[in-house]
Amino acid sequence: MVNLGRKSQSFYLIQRIQDEVHRFAITFHRSLRGKNAIRSELDQIPGVGEKRRRLLLSHFKSITEIKQADLDTMTRLGIPKPTAETILHHLNQEKDETHDADDSDVIDKIESMEETSE
């Protein structure tokens with residue numbers, strides 16, 4: 001440990017370096033957080049860009065409502081039928097995979113409970 005006087009040039013230099021490192025870290029963290037905040041499940045779907053994502057979210061208000069939408073409603077919004085089919089397939093496929101994983105987890109827990117009670 002090096003003792004530096006609070007009014008020395010060395011202390012002032014180290015303090016400035018520390019402030020700059022802190023500023024850089026905060027800026028980097030904010031940029032990461034900002035990019036993740038605007039991501040959507042819709043961004044992963046081919047054929048869905050910024051304009052279609054905005055259109056879908058402004059009309060349906062949530063991803064859950066988009067999952068429940070029918071093909072006809074999406075085509076009336078101006079989304080081509082193949083793209084609408086892709087959107088619905090992609091969103092509902094993720095939902096099915098999530099439920100399958102949840103079901104298998106529950107079954108595994110029940111089986112492990114039965115084994116421990118025997």
Side-chain angles (χ1 to χ4, degrees):
M1 185 155 125
V2 178
N3 287 328
L4 298 174
R6 287 198 175 263
K7 303 222 182 218
S8 71
Q9 291 294 326
S10 302
F11 182 80
Y12 180 70
L13 175 65
I14 291 172
Q15 185 178 21
R16 294 283 308 250
I17 292 170
Q18 181 182 7
D19 291 345
E20 183 62 21
V21 168
H22 188 249
R23 184 196 63 78
F24 181 80
I26 288 174
T27 303
F28 178 73
H29 176 72
R30 284 180 181 158
S31 71
L32 288 181
R33 189 180 64 213
K35 290 176 186 175
N36 291 335
I38 59 173
R39 285 194 179 160
S40 168
E41 289 181 61
L42 298 173
D43 294 334
Q44 307 300 321
I45 303 172
V48 178
E50 179 69 23
K51 289 181 182 179
R52 285 192 180 142
R53 180 172 61 91
R54 273 197 227 146
L55 174 68
L56 288 166
L57 289 173
S58 67
H59 184 269
F60 292 107
K61 305 298 180 209
S62 71
I63 298 291
T64 305
E65 288 185 29
I66 296 171
K67 288 178 183 180
Q68 296 168 352
D70 61 343
L71 197 59
D72 188 45
T73 306
M74 286 193 173
T75 54
R76 276 188 270 134
L77 286 174
I79 297 174
K81 186 175 180 180
T83 305
E85 289 171 345
T86 303
I87 293 167
L88 291 173
H89 174 73
H90 182 82
L91 293 176
N92 290 318
Q93 179 183 3
E94 283 184 359
K95 182 175 77 172
D96 292 341
E97 288 173 2
T98 303
H99 288 306
D100 291 345
D102 292 342
D103 293 344
S104 66
D105 290 343
V106 170
I107 292 169
D108 290 343
K109 286 180 184 178
I110 291 171
E111 288 175 351
S112 68
M113 290 171 60
E114 289 173 351
E115 290 174 1
T116 56
S117 65
E118 292 175 355

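Nearest heavy-atom pair, V48 versus R53, reported as atom, atom and distance to 0.1 Å: CG1-N, 4.0 Å. When all heavy atoms are compared, the tightest approach of G47 to R52 is O-NH1, 2.6 Å.
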Notebook entry, point to check: What's the verdict on side-chain contact (heavy atoms from CB on, under 4.5 Å) for K67 and L88, showing C-alpha distance, side-chain angles and the deciding distance?
Noted result: CA-CA 6 Å; K67 288 178 183 180; L88 291 173; over 6 Å; no
Next item on the list: Please report the C-alpha distance between L77 and F60 in whole Å, then the side-chain angles of each, then the deciding distance to 0.1 Å, and finally whether the side-chain contact (heavy atoms from CB on, under 4.5 Å) criterion is met.
Entry: CA-CA 11 Å; L77 286 174; F60 292 107; 3.6 Å; yes
Next item on the list: Might you work through the side-chain contact (heavy atoms from CB on, under 4.5 Å) test for H22 and I26, ending with a clear yes or no?
Entry: CA-CA 6 Å; H22 188 249; I26 288 174; 3.0 Å; yes
Next item on the list: Take I87 and L56 through the test side-chain contact (heavy atoms from CB on, under 4.5 Å) and record every step on the way to the result.
Entry: CA-CA 10 Å; I87 293 167; L56 288 166; 3.8 Å; yes
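The side-chain hydrogen bond (donor to acceptor under 3.5 Å, both in side chains) check on E20 picks up R23, with sequence neighbours excluded. Residues meeting the side-chain hydrogen bond (donor to acceptor under 3.5 Å, both in side chains) test with R6, sequence neighbours left out: none.
The environment of CZ in F11 is crowded: more than 12 heavy-atom neighbours from other residues, nucleotides or ligands sit within 6.0 Å. Under a cut-off of 6.0 angstrom, the local environment of CD in Q9 is sparse, with at most 12 non-hydrogen atoms contributed by other residues, nucleotides or ligands.
Residue Q68 forms a side chain to side chain contact (heavy atoms under 4.5 Å, CB included) with just one option from D70, I66, T64, and that option is T64.
Chaining together hydrophobic side chains whose heavy atoms lie under 4.5 Å apart places V21 alongside L13, I17.
In this structure, T75 OG1 and K81 NZ are separated by 8.0 Å, a value rounded to the nearest 0.5 Å. Atom CD1 of I79 sits about 9.5 Å away from atom NE2 of H59, to the nearest 0.5 Å. To the nearest 0.5 Å, atoms CG (L91) and CD1 (I45) are separated by 4.0 Å. Distance check: N3 CG to S8 OG gives 10.5 Å after rounding to the nearest 0.5 Å.
Of the possible polar contacts, one joining the T86 side chain to the P82 backbone as a donor-acceptor pair under 3.5 Å is found. Counting only distance, with no hydrogens or angles, the side chain of T73 and the backbone of A69 share no donor-acceptor pair below 3.5 Å.
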